[in-house]
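Chain A is the first sequence line, chain B the second, and so forth, proteins listed ahead of strands; every chain is numbered from 1.
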Number of protein chains: 2
Amino acid sequence: MDLDAVRTFVVAADAGQFQEAAAELAVTQQAVSKRIAALERGLDVRLFTRTARGAQLTIDGQAFLPHARELLRVAERAVASVHAARRPLRVDVIASRSGQSGLMRGFHRAHPEVDLDVVMVFDVEAAVGAIRSGAIDASFRAVAKPGAPLPDDIESVRVLDEPLQLLTGPGHALASARSVTLAQLVGHRIWMPGIVPGTEWAAYYDDLVARFGLTIESTGPNFGSDALLDTVADTPALATFMGEHSRLVWPTGHGLRRIPVTDPTPVYPHSLLWHRDNPHPALATLRAHLAATPPAVDAPGTWTPDWVHRR
Amino acid sequence: MDLDAVRTFVVAADAGQFQEAAAELAVTQQAVSKRIAALERGLDVRLFTRTARGAQLTIDGQAFLPHARELLRVAERAVASVHAARRPLRVDVIASRSGQSGLMRGFHRAHPEVDLDVVMVFDVEAAVGAIRSGAIDASFRAVAKPGAPLPDDIESVRVLDEPLQLLTGPGHALASARSVTLAQLVGHRIWMPGIVPGTEWAAYYDDLVARFGLTIESTGPNFGSDALLDTVADTPALATFMGEHSRLVWPTGHGLRRIPVTDPTPVYPHSLLWHRDNPHPALATLRAHLAATPPAVDAPGTWTPDWVHRR
DNA sequence: GCCTGGCCACAACCATCGGTTGTGCCCGTA
DNA sequence: TACGGGCACAACCGATGGTTGTGGCCAGGC
């Protein structure tokens, strides 16, 4: 299937004849004829009945036409998604299934007319670089990590404090607890593979460890959340942290438990970052939406690192 | 933009390297490299960063990826729409904006999972032929026209009586009437361009004329409903009939009036036609849906031609 | 009833494209 | 430092898709 052939088909169907379609496409009538013939050969179906006064759609052609138009629409949007001018709002998130994705879903429900592209860059440093270069329009990140304040041209606002929960298998010592305090976690092994030193998320957990004396291991390669959950479920001595709003593919029959953490509740501080001069209209819409659904940040009984930007 | 290149892009993005993508696509690594390079050239953007250990998506590549997947999905559905096996349910309607379209919208709301293709064939005779050949699965038509009973292998059921309304411009003698009787219409000129002798809709209006002594002119070419509405709006001596449920693009500022017709109310009898042996599962769903929303047909005070199939 | 005009398909020809093989460069690792 | 894995470039070649030229078919007019 060739998109040029599909476009030719649509034009010919609208024109009702190959000749006019050829003129519109600035090719010869014979070229149109060959394109349509090739499309028909590829689909193994007749799309037009050729008459002396033009070409008329067959029933199959009629059925195919709206799909062809849709195909061209989607192709156009695909091209637009990588073209700087009038492209969808491009937002970076820390993980596709983590807390800010909920915010984005809410935004999409409230403003379905806004086109969105979601990407993931490495860390807040890369995000800031991408925002400054115009590669992305906004980023949900924790800011700023120690010793690296945000540049002047990057603005940010706290939008969500996401409580961390303890995730354990059924055999874990704390598996049956309704909730646990941070003090209770001292001495337990908490496993979070994939933490990369130097990133803002690593800094967050470093601070958490230093402040409350926890034991967090980030050894071993990160094989994805499925493998992580499998391991935690099968290893009574291991637990892990997980954002309250994260939507994982929840394995059934593993007996996994999500346990709230209290006294205080560690919360991951998501901020929205954007460039001061970014003119994308949808960025203003997103900011207005987030401002209109005021987040509960720095609530009593919650903990964030000292270096987190306050409102 | 070449769909093969898009497919290659998706496979390479999933694989994380060109080599593996090449194996999966049964081409050489060099071919993959060239396809991706061509796609990047066409989009004027870099989609991968090439490393010694594979190829990684750029931010643009990440943004493009879901659009590429969507593109392939739509292409697949487009191909399926003309392939006999497991294609969408293909339904013929008499006009895209007439009454049965409302039924189809209701069906689509109730069963959004059912894929539909809507086509228009010439008349009930062509529809029966298309149903018997398998070109379409069902048809909304008035059956049967005089002297042409339905063949045994075609089944039908009345699904909707659509009242006809009078459509006039603001200067028409009946423009301010709340309703009109058929007897009142005698002597008025009713213009319905595009009626083709020999079709079932022509037979319907022929019967209407013969029974109530109306004057219906079908002279002149049919330039579409827009032109019809324009003419009716500007010509005080002209009116036309229109189905109560038809959804036209309603021109504003023309002062067009829709006036119910009574004593009796002429109704257009839509039936669903299908082939006795058609195994398409969605056809059963459609029939069940229509049966579950029982139509009011042959209601008191309505008129249909004698030759219309009764329940 | 024949001629004419409009429209599409087939044939021949040719440039471009997209595939292959062969090879070189780069980078992470033993 | 040598090695291996992965990607890009070059040369080559068949397939593809464009063009021009031509013929057939059908509808409408003389």
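Comparing Ala31(A) and Val32(B) against DNA chain D, the residue whose closest nucleotide sits nearer the 5' end is Val32(B).
The residues Glu76(A) and Arg73(A) are annotated as not salt-bridged, no charged nitrogen and carboxylate oxygen being separated by less than 4.0 angstrom.
As rounded to whole Å, 10 Å separates atom P of dC7(D) from atom CZ of Phe48(B). For the pair Leu25(B) CG and dT20(C) C1', the computed distance is 16 Å after rounding to whole Å. Remark: P of dC8(C) and CD of Gln56(A) are 12 Å apart, rounded to the nearest angstrom. The distance from atom CZ of Arg46(B) to atom C1' of dA8(D) is 10 Å, rounded to the nearest whole Å. A straight line from CZ of Arg50(B) to P of dG28(C) spans 17 Å, rounded to a whole angstrom.
Judged by distance alone with a 3.5 Å cut-off, no donor-acceptor contact links the side chain of Gln30(A) to the base of dG17(D).
Between Tyr205(B) and Phe241(B), the two ring planes are parallel [angle under 30°; tilted spans 30° to 60°].
Side-chain contact check for Glu217(B) versus Met192(B): every heavy-atom pair is 4.5 Å or farther apart. Between Phe9(B) and Leu57(B) the shortest side-chain heavy-atom distance falls below 4.5 Å. Using a 4.5 Å heavy-atom cutoff, the side chains of Met1(B) and Val6(B) are in contact. Between Thr8(A) and Leu25(A), some side-chain heavy-atom pair lies under the 4.5 Å cut-off. You'll find the side chain of Thr199(B) stays beyond 4.5 Å of the side chain of Val124(B), heavy atoms only. Contact of the Arg35(B) side chain with the Leu39(B) side chain is not registered, since no non-hydrogen atoms from C-beta on lie closer than 4.5 Å.
In the region residues 33-44 of chain B, proximity to DNA chain D at under 4.0 angstrom, judged on heavy atoms, holds for Ser33(B).
Note on Thr28(B): a side-chain N or O is less than 4.0 Å away from OP1 or OP2 of dT20(C).
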Review item, nucleotides 3-7 of chain C N/O atoms under 3.5 Å of protein N/O:
unit_1	atom_1	unit_2	atom_2	d
dC7(C)	OP1	Gln17(A)	OE1	3.2
dC7(C)	O4'	Ala52(A)	O	3.3

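Here the CG atom belonging to Asp60(A) is positioned 9.5 Å from the CD atom belonging to Gln62(A), to the nearest 0.5 angstrom.
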